[in-house]
Every structure is written in C-alpha cells, then in structure tokens.
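When reading the values below, keep in mind they use all heavy atoms of this one structure, side chains included, and skip hydrogens, waters and symmetry mates. Residue numbering restarts at 1 for every chain, and letters A, B, ... go by the order of the sequence lines.
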Amino acid sequence: MTEIRLYNTKTRAVEPLEPTVVPGRVGMYVCGPTVYDRAHLGNARPVVVFDVLFRLLRHVYGADNVTYVRNFTDVDDKIIARAAETGRPIDAITAETTQWYLDDMAALGALEPTEMPRATAYIPQMVAMIEALIAKGHAYAAEGHVLFDVRSYAEYGRLSGRSVDDMIAGARVEVAPYKRDPMDFVLWKPSTDDLPGWPSPWGRGRPGWHVECSAMSYALLGKSFDIHGGGNDLMFPHHENEIAQSRCAHPEGDFARIWMHNEMLQVEGKKMSKSLGNFFTVHDLRSQLSGDVMRYVLMSSHYRAPLDWTVSRVEEAKVILSRWLRLNDRFRRASLDIPDSFEPDPAILAALADDLNVPAAFTRMHELTTGNSADTEPERLVQVVGNARFLGFSLGSGTGPDPSCSLEVAVDRVDAMEERLSQMCAEIDAARAEKDFALADSIRARLREVGVDVLTTKDGTRWERNVDFDRDKAETLV
RNA sequence: GGCGAGUUGGCGGAGUGGUGACGCAGCGGAUUGCAAAUCCGUGUACAGGAGUUCGAUUCUCCUACUCGCCUCCA
C-alpha cells in the first residue's frame, strides 16, 4: 500500500499518515465556508487542495473507507450583517450561498465531501460541549456570554507557535470587561430578539465562531480523527481555539492528529482584496475560463507555497489543458474507455503521496502528453485521460464557459455538433483540393472562433477542441 | 513588536551534498499552400556573505529583500 506522507503543522515535520483511529479508515475535516457571499479564488484553493488529497485517500484506502467532512457555517455575524444590508431573510441568504458554493466547487472538479454539515443543525451539540467545558472548569459564563478560559489549557498556542503572554503583548485583542483574560474567546453570545438565537442555559443566544467546527467534527468523526485541514490564516485563532475546546471537552481523545494548512493565494503578486480591485469570485471567472483551467492554476504550485494567480499562469494553463483536451478528443474518437482496473501512474501516485507534490505529478503528466509515442497511441491515450481524471480534470465534459450543464444533456448536444464540425473539415478538404485557400481559411477561422483547432494531416483535416472551446458558440454552427 | 514562510534560468516551478527536472515563452529545424497542431534540437539558474565538507544550489550562521499571520478572512 502506498505510504502517504504529510506535513503536520502540529509537529512541523512531514510524517506518515497512520490511520489507526479506526484501522484502515481515514477521517478528514476541512473548514468550509461561512455562507454569506460568493466563493472567491482564495476559498477555492483549499477546496482543490483537499480534493486532491481526498482522491488520493480514496484510491489508497478505498472510497468507502474515507470520511471527508466539510462544514457550512450558516450562523455568523457576517451573515447577520448581510441580512441587515439587503433586507433579505437569513435563511434565504445561506441557502442561496450554499448552492452557489456547491455549483462553483463542482465546476472546479471538486468531489462533494462525504458529509457537509450545517452549523445550525448542531446547536444542541454545541451547547452540550459548552456545558461540558464549564463543568470541567475550562469555560465560564459572564453577562450572557460564555467564554473559554485560555489560561486553563496549558497547550493553548502550541499549534501556531505562540504564547498567550506574547499575544497579549501584541495588544490587538478585544478587551471586554467580562473577560477574565484578554485572550479568552467567546463560545456563546446573547442574541437580542431580532437576531437569530437558540435557547440555552445562559439565555437565548448563538454560538461564537469556533465551537461549530469542534461540535461537528466530534459528532461526525469522533474524539480523535486523522486529518484536519484549512487555510493557514485559520491556524490562529480558529484552529487553536478548536483544539482548546475539543481537547478540553474530550481530553480522552487526540482531536486531529495531522494538521494541514495551505498557503494563501495572491493575485498578480498582491493579496486579493476588493480595495485593490484584484478580487475575483469563482463565479466571475467561470464566464471566462473552464473549471479545468482554474483547477490547473490552483494546482500548479505546492499547497504549502503561496500561489500567485496571474494572467500569464492562466495562459500557460490553457496551453497545457488544450493539449490534454486534444488527446482526450483522440481518446473519444478511438472509442477508448478507462478500464475498471485502471491504476493511476505510479509516478503520479508517488508524487501525491509525498505531501501532495502536485507539480511533480504534473511533470509526469507532461511526460505522458508530449513526445513521440505514436506506436503506443491507444495505451498512451488511456494513460493520459485516466490520470487526468484521477487528478480531477473533467477534460471537456465540463469545459467551456458553460460547464454547468449536465453530462447527459451535453452528450446529445455534442453529437450533433460534432457531426457538423466533421462536415466543416470535409469542406476544408474540398476547398483545399481545388486550391480555394480563401474558402478553406474562412472555414478554419469559423472553427477556431468556437475553440476548435483545425489539424491538417496526411489523412485529411480533423478537428480537436482546445481549452477555449465554447459549446454554445459551437452549437450555432449546426 | 511577536510568530512563521520564502528568495532556483525571460516566466512558472520541482528537487538533490557530487555539472544541475519539468512546463511556458524564445530560438533553429521538420512538416504545411500559409497557418495551427505535432515532432526534433536548443538554456552560462539556484539572493549576498561566512562556515562545515574532498565537494553545497542542497547543511549551519549572518545580512538583504519579499510575503503571510497576530483583527473578519481559505
């Protein structure tokens, strides 16, 4: 069995994944979105990173032996603020945003996690956890709030390498009169009648930011599980607080054994922000780029290194994806299939198992997709398409500015369109035979326009889609 | 101020104690009506300094610079 090695933030070292909580089974929790707005590119990075890991885990341990939990935080002050701004009900905002998120992440080729719990469905579990923390002397109620007592947990700050005293010295903490220590954080806060709230021993209120993840991971994965992931900006305070809550509420468990953090995404060398005008949502980009191109860019540097999203990288990704797509067209033309027994390339598996070295996996893809190997064409095409799919690329089934339509619908539409494309290639051949190059070029230009490459071969003209293929435009040729 | 990450050829980006991936771009060639695609060929890179070593881009220290977190954030 492939040994998977992962960098553990907790120990600052790469270590083997040893699924021993439940032997042979892996539990993974990744912090999901707070649903109040469209997912941006930065939100997409961890989704893709942990999707690659999820795919690897499913391959190594078997799909039924991997539980991947990614939550939706649907109670939060940002959501309340959004409701106030727009005058819309909170439920409508969270439901809509949740669906947007699922659509956008699917476009990026991300598999749905095994479990996608919503925070509001776990309020009783949160209350129970808070009660346990109070009972064990790790939390206290004050003025309708319940706060976690950071001084009661000696290891507080260990994950992020900070000490409580240092952080207080940093002095950028909110000092509320009801806090025993400035670093204490809120587990529960009171809600006025106009705010979302649930009954609790401390009055009507709502959970603080961090408890939901502790409560949901405990409910779905238990007191110990293998992997916890998220962006490295969550390391402090979010993950630190999760650890404190979970370890104090369930001291008999380990909570997460391996902590993984992806580095931040930047845009053209700067932090993505609305004020800099370099802020992009996945939804925005989907009108210009295929999900595969976005996925490729997001996978093109190691997850623990910063990723700079730039125009030139997008262009480079298009070149690569076009090549893969052309090979995929040949694969389809040859009526090939990926056999059930298909095994991903050993070099790709080894690269991914080595702390998700996706760039090294791409190197192998480059070897498979370039160079002269005409004598092994069918085999090679199966390798290319099989491995690309393993890495989460849809190769055309989701390509084009409208990747959202279902595969089944797409197949029928594509068949009629493909016939037309072949017909146009025949027209080019006829024109060239009569040396009517102007006509041949004009037909070629029309094909290019919809994102189809025209290949001049000894056996006549052929078409292959490139990454700019636009299904809707191609339909107009029929 | 505290904590952390990083600095590899024009660009992107792996990796290694012993002449140094891979991709994009460029250049040359094949092919082509011209292209595109494809194929073949082509690269004086490891921030600076000191040290360890037979030998360092790879280990150690220092300097410079960049970036992130410490506040909502993936």
K.L.:
Is there a side-chain contact between A/N357 and the phosphate of B/rG15, meaning an N or O under 4.0 Å from OP1 or OP2?
P.N.:
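For A/N357, the contact criterion (side-chain N or O under 4.0 Å from OP1 or OP2 of B/rG15) is met.
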
K.L.:
Compare the minimum distances between each of B/rA74, B/rG33, B/rC39 and the side chain of A/T370, then state the nucleotide with the smallest one.
P.N.:
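My answer, after comparing the listed nucleotides, is B/rC39.
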
K.L.:
Looking for any heavy atom pair under 4.0 Å, which part of the strands does A/I320 touch: base, sugar-phosphate only, or nothing?
P.N.:
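The answer is sugar-phosphate, as A/I320 gets under 4.0 Å only of primed atoms, P, OP1 or OP2.
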
K.L.:
Tell me whether the OP1 or OP2 atom of B/rU31 has a side-chain N or O from A/K458 closer than 4.0 Å.
P.N.:
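Checking B/rU31 against A/K458, no side-chain N or O comes under 4.0 Å of OP1 or OP2.
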
K.L.:
When both hydrogen-bonding distances must be under 3.5 Å and the geometry is Watson-Crick or G-U wobble, what is B/rU7 paired with, if anything?
P.N.:
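Partner of B/rU7: B/rA64.
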
K.L.:
Could you tell me how far B/rC73 sits from B/rA21 if I compare only their C1' atoms? Round to whole Å.
P.N.:
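The same atom, C1', in both gives a distance of 36 Å.
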
K.L.:
Quantified in whole Å, what is the P atom distance between nucleotide B/rU60 and nucleotide B/rA56?
P.N.:
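B/rU60 and B/rA56 have their P atoms separated by 16 Å.
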
K.L.:
With a 4.0 Å cut-off on heavy atoms, is A/T310 in touch with a base, just the backbone sugar-phosphate, or nothing at all?
P.N.:
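The answer is nothing, as A/T310 stays clear of every strand by at least 4.0 Å.
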
K.L.:
Looking at B/rC73, which nucleotide sits across from it as a Watson-Crick or G-U wobble partner, both distances under 3.5 angstrom, or is there none?
P.N.:
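B/rC73 is paired with nothing.
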
K.L.:
Contact class for A/E315 vs. all strands (heavy atom < 4.0 Å): base, sugar-phosphate, or nothing?
P.N.:
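Contact class for A/E315: none.
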
K.L.:
To the nearest Å, how far apart are A/M299 CE and B/rG13 P?
P.N.:
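Value for this atom pair: 15 Å.
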
K.L.:
Report the base-pairing partner of B/rA37 (Watson-Crick or G-U wobble, both distances below 3.5 angstrom), or none.
P.N.:
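Across all strands, not a single nucleotide pairs with B/rA37.
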
K.L.:
Hey, is the main chain of A/L395 close enough, under 3.5 Å, to the side chain of A/N328 for a donor-acceptor pair?
P.N.:
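At least one qualifying donor-acceptor pair exists.
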
K.L.:
Let's test your reading of the model: under 3.5 Å, does the base of B/rA21 pair with the side chain of A/T363 as donor and acceptor?
P.N.:
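Side chain to base: pair found, below 3.5 Å.
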
K.L.:
If you measure from the P atom in B/rA47 to the same atom in B/rA36, how many Å do you get, rounded?
P.N.:
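That atom pair is separated by 37 Å.
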
K.L.:
Decide, applying a 5.5 Å centre-distance limit and a 30° plane-angle limit (both strict), whether A/F437 stacks on B/rG33.
P.N.:
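Yes, A/F437 stacks on the base of B/rG33, since the ring centres sit under 5.5 Å apart and the planes are within 30°.
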
K.L.:
Mind calculating the distance between NE2 (A/H302) and P (B/rG12) to the nearest angstrom?
P.N.:
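The distance from NE2 of A/H302 to P of B/rG12 comes to 18 Å, rounded to the nearest Å.
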
K.L.:
Counting side-chain heavy atoms from CB outward, which of B/rC22, B/rC24, B/rG33 is closest to A/D441?
P.N.:
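Within the option list, the nearest is B/rG33.
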
K.L.:
Minimum heavy-atom separation for A/N8 to A/W259, with atom names?
P.N.:
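Closest heavy-atom pair between A/N8 and A/W259: OD1-N, 2.9 Å.
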
K.L.:
Which is true for A/G230 with a 4.0 Å heavy-atom rule: it touches a base, it touches only sugar-phosphate, or it touches nothing?
P.N.:
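Sugar-phosphate: the residue A/G230, judged by heavy atoms under 4.0 Å, touches backbone atoms but no base.
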
K.L.:
Please give, in whole Å, the distance from B/rA74 P to A/H210 NE2?
P.N.:
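One finds 12 Å between P of B/rA74 and NE2 of A/H210, rounded.
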
K.L.:
Roughly how many Å apart are B/rA50 and B/rU58, using the P atom of each and rounding to a whole number?
P.N.:
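Each nucleotide's P atom is 13 Å from the other's.
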
K.L.:
Taking the C1' atom of each, how far is B/rA25 from B/rG10, in whole Å?
P.N.:
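My reading of the C1' atoms in B/rA25 and B/rG10 gives 8 Å.
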
K.L.:
Provide the Watson-Crick or G-U wobble partner of B/rU16, both distances under 3.5 Å; none if there is no partner.
P.N.:
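Its partner: none found.
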
K.L.:
Determine the interatomic distance between P on B/rA64 and the same-named atom on B/rA74; round to the nearest Å.
P.N.:
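Roughly 35 Å separates the two P atoms.
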
K.L.:
Taking only the side-chain heavy atoms of A/V319 (C-beta and beyond), determine which of B/rG4, B/rA25, B/rA14 contains the nearest atom.
P.N.:
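Shortest atom-to-atom distance from the side chain points to B/rA25.
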
K.L.:
Could you tell me the Watson-Crick or G-U partner of B/rA21, where both distances fall under 3.5 Å? Say none if there is no partner.
P.N.:
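Base partner found: none.
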
K.L.:
When you measure from the side chain of A/T456, which nucleotide among B/rA36, B/rG13, B/rG4 comes out closest?
P.N.:
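Looking only at heavy atoms from C-beta outward on A/T456, the closest nucleotide is B/rA36.
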
K.L.:
With A/R247 as the cation and A/Y153 as the aromatic partner, state whether NZ or CZ is under 6.0 Å from the six-membered ring centre and within 45° of the axis.
P.N.:
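No, A/R247 does not sit over the ring of A/Y153.
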
K.L.:
Go through B/rA74, B/rC11, B/rA37 for me and flag the one nearest to the A/M264 side chain.
P.N.:
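Taking heavy atoms from C-beta onward, the closest nucleotide is B/rA74.
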
K.L.:
Report the nucleotide, chosen from B/rA74, B/rA37, B/rG33, that has the shortest atom-to-atom distance to any side-chain atom of A/L455.
P.N.:
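Closest of the options to the side chain of A/L455: B/rA37.
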
K.L.:
Do side-chain atoms of A/R5 reach the backbone of A/E15 as a donor and acceptor pair under 3.5 angstrom?
P.N.:
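Judged by distance alone, no pair lies under 3.5 Å.
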
K.L.:
Out of B/rC67, B/rC11, B/rC24, which nucleotide sits closest to the side chain of A/S312?
P.N.:
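That would be B/rC11.
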
K.L.:
If you look at every strand shown and take non-hydrogen atoms under 4.0 Å, does A/K435 touch a base, only sugar-phosphate, or nothing?
P.N.:
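Nothing, no heavy atom under 4.0 Å.
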
K.L.:
In whole Å, measure the gap between the C1' atoms of B/rG15 and B/rC22 for me.
P.N.:
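Rounded to whole Å, the distance is 11 Å.
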
K.L.:
Please give, in whole Å, the distance from B/rG68 C1' to A/W309 CH2?
P.N.:
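Answer to the nearest Å: 20 Å.
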
K.L.:
Between A/N387 and A/D345, do the side chains contain a donor N or O and an acceptor N or O under 3.5 Å apart?
P.N.:
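No pair is found: no donor N or O on one side chain lies under 3.5 Å from an acceptor on the other.
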
K.L.:
What's the CG-C1' distance between A/D329 and B/rA37, to the nearest Å?
P.N.:
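So the CG-C1' distance, A/D329 to B/rA37, works out to 13 Å.
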
K.L.:
For residues 105-119 of chain A, run the donor-acceptor check on the side chains, cut-off 3.5 Å, and write out each pair with its distance to 0.1 Å, sequence neighbours left out.
P.N.:
residue: A/T114; atom: OG1; partner: A/Y68; partner atom: N; Å: 2.8
residue: A/T114; atom: OG1; partner: A/Y68; partner atom: O; Å: 3.4
residue: A/R118; atom: NH1; partner: A/D74; partner atom: OD2; Å: 3.4
residue: A/R118; atom: NH1; partner: A/T120; partner atom: OG1; Å: 3.3

K.L.:
Could you pick out which residue, A/A440 or A/L41, lies toward the 5' side of RNA chain B when each is mapped onto its nearest nucleotide?
P.N.:
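Of the two residues, A/A440 wins.
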
K.L.:
Report yes or no: do A/D76 and A/T73 form a side-chain donor-acceptor pair below 3.5 Å?
P.N.:
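No, no side-chain donor-acceptor contact under 3.5 Å.
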
K.L.:
Where the side chain of A/K78 is concerned, which of B/rC39, B/rG68, B/rC72 is the nearest nucleotide?
P.N.:
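Closest nucleotide to the A/K78 side chain: B/rC72.
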
K.L.:
Taking B/rG28 as the reference, what is the distance to B/rC62 when you measure between their P atoms (whole Å, please)?
P.N.:
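After rounding to an integer number of Å, I get 49 Å for this pair.
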
K.L.:
Calculate the interatomic distance between A/E240 atom CD and B/rU71 atom C1'; express it in whole Å.
P.N.:
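So the CD-C1' distance, A/E240 to B/rU71, works out to 16 Å.
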
K.L.:
Who passes side chain to side chain contact (heavy atoms under 4.5 Å, CB included) against A/D103, sequence neighbours left out?
P.N.:
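Partners of A/D103 under the side chain to side chain contact (heavy atoms under 4.5 Å, CB included) test: A/Q99, A/R286.
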
K.L.:
In whole angstrom, what separates A/F362's CZ from B/rG15's P?
P.N.:
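Computing the A/F362:CZ to B/rG15:P distance gives 15 Å.
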
K.L.:
Return whichever of A/F236 or A/P33 has its heavy-atom-nearest nucleotide of RNA chain B closer to the 5' end.
P.N.:
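Its nearest nucleotide lies further toward 5', so the answer is A/F236.
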
K.L.:
Hey, is the side chain of A/R313 poking within less than 4.0 Å of OP1 or OP2 on B/rG23, counting only N and O atoms?
P.N.:
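No.
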
K.L.:
Counting only Watson-Crick or G-U wobble pairs whose two distances fall under 3.5 Å, which nucleotide matches B/rG51?
P.N.:
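By the stated definition (distances under 3.5 Å), B/rC59 pairs with B/rG51.
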
K.L.:
Strictly distance-based, threshold 3.5 Å: is any side-chain N or O of A/Q383 a donor or acceptor partner for the main-chain N or O of A/T369?
P.N.:
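Flag not set: sc A/Q383 to bb A/T369 has no pair under 3.5 Å.
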
K.L.:
Looking only at N and O atoms, is any donor in the side chain of A/R323 or the base of B/rC24 less than 3.5 Å from an acceptor on the other one?
P.N.:
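Side chain to base: no pair present.
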
K.L.:
Of the nucleotides B/rC24, B/rC69, B/rA37, which one has an atom closest to the side chain of A/D233?
P.N.:
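For A/D233, the side-chain atoms sit closest to B/rC69.
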
K.L.:
Which of these nucleotides, B/rA35, B/rG68, B/rA21, is closest to any side-chain atom of A/R448?
P.N.:
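Looking only at heavy atoms from C-beta outward on A/R448, the closest nucleotide is B/rA35.
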
K.L.:
Looking at every strand, decide which applies to A/T457 at a 4.0 Å heavy-atom threshold: base, sugar-phosphate, or nothing.
P.N.:
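No contact.
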
K.L.:
Would you mind reading off the distance between A/N232 atom CG and B/rC3 atom P, rounded to a whole angstrom?
P.N.:
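Taking atom P of B/rC3 as the reference, CG of A/N232 is at 17 Å.
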
K.L.:
If we ignore hydrogens and angles and just use 3.5 Å, is the side chain of A/T363 paired with the main-chain N or O of A/P359 as donor and acceptor?
P.N.:
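Present.
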
K.L.:
Under 3.5 Å, is there any donor-acceptor pair linking the side chain of A/R304 to the base of B/rA5?
P.N.:
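Under the 3.5 Å cut-off, the side chain and the base do not form any donor-acceptor pair.
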
K.L.:
So, under a plain 3.5 Å distance rule, would you say the side chain of A/E316 forms a donor-acceptor pair with the base of B/rG12?
P.N.:
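Looking at the base of B/rG12, it does not pair with any donor or acceptor on the side chain of A/E316 (distance under 3.5 Å).
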
